[in-house]
Amino acid sequence: MAGAAGRVVRRWYPSVLRSSLQVPALQLHMSKTAMRASQKDFESALSQVKRLKDPGNEVKLKLYALYKQATEGPCNTPKPGVFDLINKAKWDAWNALGSLPKETARQNYVDLVSGLSSSSDSSSQVKPEADRKQPGYETLVVTSEDSITKIMMNRPAKKNAITIQCLRVHKYQPSSSFSPTHSDVPSEMYNEIMLALKAASKDDSAITVLTGNGDYYSSGNDLSNFTDIPPEGIEEKAKSSAILLRDFVDCFIDFPKPLIAVVNGPAVGISVTILGLFDTVYASSRATFHTPFSHLGQSPEGCSSYTFPKIMGPAKAAEMLIFGKKLTAAEACAQGLVTEVFPDSTFQKEVWTRLKAYSKLPPNAMRISKQVIRNREKEKLRAINAEESRALQERWLSDECTNAVMNFLTRKAKL
Ligand SMILES: CCCCCC/C=C/C(=O)SCCNC(=O)CCNC(=O)[C@H](O)C(C)(C)COP(=O)(O)OP(=O)(O)OC[C@H]1O[C@@H](n2cnc3c(N)ncnc32)[C@H](O)[C@@H]1OP(=O)(O)O
């Protein structure tokens with residue numbers, strides 16, 4: 001360990017600094033499991049740091065201070081004299097960490113190195129997406145890397161509109177152990193998202209992300225879903241769509257790991273309403289949030305009739321859900337629907353740096369925290385989901401809805 005730290009410093013610091021960085025092996029005071037995980041991350045950060053470009057003196061001092069705090073605890077050496085400038089700067093940085101616990105310092109060190117790695121030359125180490133892509137999905141690109149499973153809606157030419165499974169044989173069964181393979185997966189997006197969530201809930205990733213490919217996050221329900229009427233008639237179509245909708249939203253209610261929406265562009269309809277079931281929502285400054293249900297002769301879904309008033313208050317929720325007011329990313333953030341907005345030019349870089357750091361947190365602790373936050377609402381959310389789905393089943397049979405959809409499909413109307 002001391003050698004690793006020494007090598008880091010040799011690249012950056014003049015010889016006068018080296019001696020003070022030859023530190024003893026880690027002394028950790030945590031449970032065995034946590035200790036193993038954390039020490040491994042820390043050791044990998046120590047070797048990663050050697051490959052970094054010079055990050056500048058300020059960052060080097062931060063790394064030094066966190067390293068000392070993580071390995072020795074609070075600053076315990078006499079303050080260097082005023083003319084010993086370098087050692088005084090180092091002492092000041094370490095001393096400024098006060099009584100920060102060793103394990104927090106270790107985690108901060110790992111986070112800092114992770115942020116530096118991805119913002120320096122990490123692009124050369126990233127495998128092309130095609131190599132990491134999980135097979136079996138036609139409307140999604142699903143990848144797993146860095147303990148993050150990313151589910152990307154992939155119909156950019158159709159603004160990632162979400163299609164229904166209609167003619168295929170296989171259908172998602174909430175209680176089945178069905179998992180996707182190349183040959184038997186249905187191609188439509190509602191089902192594929194459910195399958196991808198189900199697989200992500202069981203894989204070894206720590207967090208799961210939903211995002212969109214192209215300029216849109218998603219334009220919501222694909223309105224051509226309404227044109228595929230089975231021989232049994234339109235009532236049967238409305239009924240099976242309501243069941244599909246309820247199953248789809250239940251998957252989000254029940255998802256056991258931290259679920260993050262990376263909203264890369266405008267979001268419409270159901271892609272907005274389910275955001276209330278996510279744990280974190282990051283938005284590009286270009287994103288907008290639009291729920292034009294009345295315009296479409298429809299009513300809210302995705303548990304938004306409950307989550308939106310809770311998140312933003314009934315008055316703001318009514319403006320969105322009844323009157324279809326479109327929010328900018330900044331407005332959605334101010335109203336609590338969005339966690340944080342990033343400038344579009346740096347959106348991907350900033351968000352993924354943040355998520356990579358979060359994905360290194362202990363996964364079981366994150367799961368339990370989510371359970372504690374969400375579990376007591378689950379039954380209520382399921383009941384609300386069922387009620388919203390029933391209301392929509394009727395709406396889909398109304399003239400108001402039929403006319404609105406026909407107007408879009410015959411190019412007479414657009415949002
Ligand atoms: C199991 C069923 C559950 C249902 C749950 C209930 C869900 C409700 C909702 O989600 S309501 C929201 C429905 N969405 C919309 O009403 C959006 C409709 N689309 C638009 O108004 C516009 O396309 C736009 C504003 C999103 C983008 O406009 P623009 O930038 O001018 O692009 P284009 O219109 O040219 O779009 C390109 C291409 O994509 C097709 N497309 C876009 N969105 C949808 C959609 N939601 N459904 C079907 N197709 C869509 C559009 O037709 C164009 O296709 P083309 O190139 O002409 O083939």
Side-chain angles (χ1 to χ4, degrees), residues 139 153-168 171-172 174 186 188-194 210 212-230 234 236-252 263-277 286-305 308 320-326 384-398 400-415:
T139 63
M153 295 175 275
N154 190 33
R155 297 183 73 220
K158 298 284 182 185
K159 312 290 181 194
N160 298 320
I162 309 175
T163 44
I164 282 188
Q165 187 235 358
C166 37
L167 302 172
R168 307 296 175 110
K171 187 171 180 320
Y172 169 81
E188 280 72 21
M189 204 191 276
Y190 283 106
N191 272 288
E192 288 201 337
I193 292 175
M194 289 193 278
L210 183 64
N213 188 16
D215 61 341
Y216 260 65
Y217 175 67
S218 168
S219 61
N221 190 40
D222 190 308
L223 295 177
S224 60
N225 288 335
F226 291 102
T227 59
D228 179 47
I229 308 301
I234 189 146
E236 200 46 44
K237 171 80 179 186
K239 192 173 162 194
S240 63
S241 299
I243 292 171
L244 177 62
L245 172 63
R246 199 195 56 207
D247 287 351
F248 179 74
V249 175
D250 272 348
C251 277
F252 288 86
V263 185
N264 53 298
V268 185
I270 190 164
S271 74
V272 177
T273 54
I274 53 170
L275 293 177
L277 301 171
R286 221 171 39 77
T288 52
F289 299 82
H290 196 186
T291 48
F293 299 122
S294 300
H295 300 69
L296 294 166
Q298 298 184 41
S299 50
E301 79 300 277
C303 294
S304 58
S305 62
F308 278 31
M320 277 192 87
L321 297 176
I322 302 178
F323 303 123
K325 182 179 179 197
K326 191 199 283 189
I384 289 159
N385 179 25
E387 190 186 321
E388 290 176 346
S389 302
R390 272 195 300 274
L392 263 174
Q393 184 177 333
E394 282 183 25
R395 283 280 86 215
W396 288 327
L397 300 173
S398 70
E400 287 178 342
C401 178
T402 312
N403 292 338
V405 172
M406 287 316 295
N407 283 341
F408 173 76
L409 295 174
T410 55
R411 305 279 182 259
K412 282 195 204 135
K414 216 180 245 196
L415 294 174

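All values below come from the heavy atoms of this structure, side chains included, with hydrogens, waters and symmetry mates left out. Counting from 1, the numbers follow the sequence of the chain as shown. As the structure lists them, so they are numbered: ligands from 1, and atoms in each ligand from 1. These numbers were taken from a predicted model, which means no experiment stands behind them.
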### Query
So how far is it from I193 CD1 to I162 CD1, rounded to the nearest 0.5 Å?
5.0 Å
### Query
If you look at every heavy atom in P156 and G214, which pair is closest and at what distance?
CB-CA, 4.2 Å
### Message
Tell me whether S224 contacts the main-chain N or O of T227 through its side chain, where contact means a donor paired with an acceptor under 3.5 Å.
### Response
no
### Task
Output yes when a side-chain donor or acceptor of N213 lies under 3.5 Å from a complementary backbone atom of N160, and no otherwise.
no
### Query
Is the side chain of N191 donor-acceptor paired with the backbone N or O of E188 at a distance under 3.5 Å, no angle test?
no
### Summary
Per side-chain contact (heavy atoms from CB on, under 4.5 Å), T163 is matched among D228, N225, N221 by N225
### Summary
Per the under 4.0 Å non-hydrogen criterion, ligand 1 touches A157, K158, K159, A161, I164, Y190, Y216, S219, G220, N221, D222, L223, S241, L244, L245, V268, G269, I270, F293, L296, Q298, E301, W396, F408, R411, K414, L415
